[in-house]
Protein chains: 2
Amino acid sequence: MNNRIQELRQEHDWSQKDLARRLGVSRQTVNALERGRYDPSLPLAFSISKLFALAIEDIFQPES
Amino acid sequence: MNNRIQELRQEHDWSQKDLARRLGVSRQTVNALERGRYDPSLPLAFSISKLFALAIEDIFQPES
DNA sequence: CCCGTATGTAAAGCACACTTTACGTATCCT
DNA sequence: AGGATACGTAAAGTGTGCTTTACATACGGG
């Protein structure tokens with residue numbers, strides 16, 4: 001699962017810490033998501049989607 | 001997180017077992033999702049979304 | 001009555017999503 | 001040089017997503 005989190009975060013000039021705070025998760029979680037270490041839960045994916053005002057499908061793309 | 005899985009499955013006249021097979025998960029997983037025992041992983045949410053040809057947002061709605 | 005199908009649920013186990021604490025490196029500013 | 005900020009990562013712990021096996025109930029068709 002690829003995602004555009006880092007790209008979107010940088011467009012907003014937010015640090016990982018800033019984004020983490022806005023999402024209510026730890027900075028390490030944001031880092032892990034950006035680096036593709038794991039996928040977010042569905043609720044967290046919705047939070048990200050709402051924060052960036054984009055559809056989940058516009059932020060996350062399944063591998064194949 | 002509410003979802004319309006049962007409704008969509010029934011529209012297609014599929015048993016939980018049928019749906020599970022199409023999604024590549026166990027019947028118990030489909031049952032648990034329909035009954036709201038837990039949310040699917042993001043990859044599984046995408047599989048469901050593709051199977052029913054609907055956006056994730058049209059199948060899953062965050063509680064608040 | 002029996003059999004097959006559909007559904008709900010439980011227990012045990014594994015992998016992953018996420019946390020806190022902590023440490024390392026790089027960069028920038030004074 | 002020193003301090004602040006940003007990022008990457010590791011280890012240990014908790015809870016959840018999903019599996020397999022298994023059992024129970026209900027229904028419909030022979």
Side-chain angles (χ1 to χ4, degrees):
Chain A
M1 181 84 67
N2 297 321
N3 72 69
R4 296 174 49 215
I5 298 179
Q6 179 170 10
E7 169 192 350
L8 294 167
R9 173 177 65 80
Q10 289 174 342
E11 285 177 4
H12 288 260
D13 273 318
W14 291 337
S15 65
Q16 290 183 346
K17 188 176 177 182
D18 291 334
L19 177 55
R21 189 170 36 79
R22 285 170 200 267
L23 292 173
V25 297
S26 70
R27 177 180 69 84
Q28 285 79 351
T29 292
V30 168
N31 188 309
L33 295 178
E34 288 191 356
R35 315 217 85 232
R37 309 221 320 118
Y38 49 73
D39 297 321
S41 66
L42 187 55
L44 181 50
F46 266 98
S47 297
I48 295 168
S49 157
K50 284 179 179 169
L51 182 58
F52 291 122
L54 289 173
I56 288 183
E57 289 84 351
D58 291 334
I59 303 178
F60 301 93
Q61 296 107 22
E63 303 269 296
S64 60
Chain B
M1 182 84 65
N2 297 321
N3 72 68
R4 295 174 49 216
I5 297 179
Q6 178 170 11
E7 170 192 350
L8 294 167
R9 172 177 66 81
Q10 290 173 341
E11 286 177 3
H12 288 260
D13 273 317
W14 291 337
S15 66
Q16 290 182 348
K17 188 176 177 181
D18 290 333
L19 178 54
R21 190 170 33 80
R22 286 170 201 268
L23 292 173
V25 298
S26 71
R27 177 181 70 84
Q28 285 78 351
T29 292
V30 168
N31 188 313
L33 296 177
E34 287 190 357
R35 314 217 84 231
R37 308 218 323 116
Y38 49 73
D39 298 320
S41 66
L42 188 55
L44 180 51
F46 265 98
S47 298
I48 295 168
S49 158
K50 285 180 178 168
L51 182 59
F52 290 122
L54 289 173
I56 287 182
E57 289 83 353
D58 291 334
I59 303 178
F60 302 92
Q61 295 107 23
E63 303 269 297
S64 60

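Sequence lines set the chain letters: A, B, ... in the order given, protein chains first and strands last, and positions in each chain run from 1. Here the structure is a predicted model, which is why all the values come from computation and not from measurement.
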Starting at atom [atom1] of [X], determine the distance to atom [atom2] of [N], rounded to an integer number of angstrom.
X	N	atom1	atom2	value
B:Gln16	C:dG8	CD	C1'	8 Å
B:Lys17	C:dG4	NZ	P	12 Å
B:Gln6	C:dA6	CD	P	15 Å
B:Glu34	D:dG17	CD	P	16 Å
B:Arg21	D:dC18	CZ	P	19 Å
A:Asp13	D:dT5	CG	P	17 Å

Quiz item: Can you tell me if the side-chain N/O atoms of B:Arg9 get under 4.0 Å from OP1 or OP2 in C:dA6?
Solution: no
Self-check item: Residue-phosphate contact under 4.0 Å: A:Asn31 side-chain N/O, D:dC7 OP1/OP2
Solution: no
When you compare the protein's N or O atoms with those of nucleotides 13-18 of chain C, which come within less than 3.5 Å of each other, and at what distance?
| unit_1 | atom_1 | unit_2 | atom_2 | d |
| --- | --- | --- | --- | --- |
| C:dA17 | O5' | A:Asp39 | O | 3.1 |
| C:dC18 | OP1 | A:Ser41 | N | 3.2 |
| C:dC18 | OP1 | A:Ser41 | OG | 2.8 |

Practice problem: State whether the side chain of A:Asn3 and the backbone N or O of A:Leu33 hold a donor-acceptor pair below 3.5 Å, judged by distance alone. | Solution: yes
Are the side chains of [X] and [Y] in touch, meaning some heavy atoms are under 4.5 Å apart?
X	Y	value
A:Leu23	A:Thr29	no
B:His12	B:Phe52	yes
A:Glu11	A:Glu7	yes
A:Ile56	B:Leu42	yes
A:Phe46	B:Gln61	no
A:Glu63	A:Asn2	yes
A:Leu54	A:Arg4	yes

Under-3.5 Å N/O pairs linking protein and nucleotides 22-24 of chain C:
| unit_1 | atom_1 | unit_2 | atom_2 | d |
| --- | --- | --- | --- | --- |
| C:dA22 | N6 | A:Gln28 | NE2 | 2.9 |

Exercise. Look up atom CG in B:Asp39 and atom CG in A:Leu44, then write down how far apart they are to the nearest 0.5 Å.
Key: 12.0 Å
